[in-house]
Amino acid sequence: MVKFLKSLGHDESGATAVEYGLIVALIFLAAVGAVQSFGTETIATWNNIETAVVAVTGA
C-alpha cells in the first residue's frame, strides 16, 4: 500500500491535462468577459442611434 501511494505521488501523467484544462478555463473566462463588454458597448451604440433617429423623425 505504501509503495502504491509513493508511486501515485510521483505520477505526473494527469498533471498536464489539468494544467491545460485550467488554461482553457481562463481563456474561456477572458472570452466571455470580452464578449460581454462588446455587447454592452454595442447596445449603448444602438440606443444612441435610436435616440438620434427619434429626435430627427419626431416619432
TODO: List in chain and number order the residues that pass side-chain contact (heavy atoms from CB on, under 4.5 Å) with T42, two or more places apart in sequence or in another chain; answer none if no residue qualifies.
DONE: F38, W46
Task: Qualifying residue for side chain to side chain contact (heavy atoms under 4.5 Å, CB included) with I49, from T51, N47, T45 - done: T45
Task: Non-neighbouring partners of E41 that pass side-chain contact (heavy atoms from CB on, under 4.5 Å), sequence neighbours left out - done: none
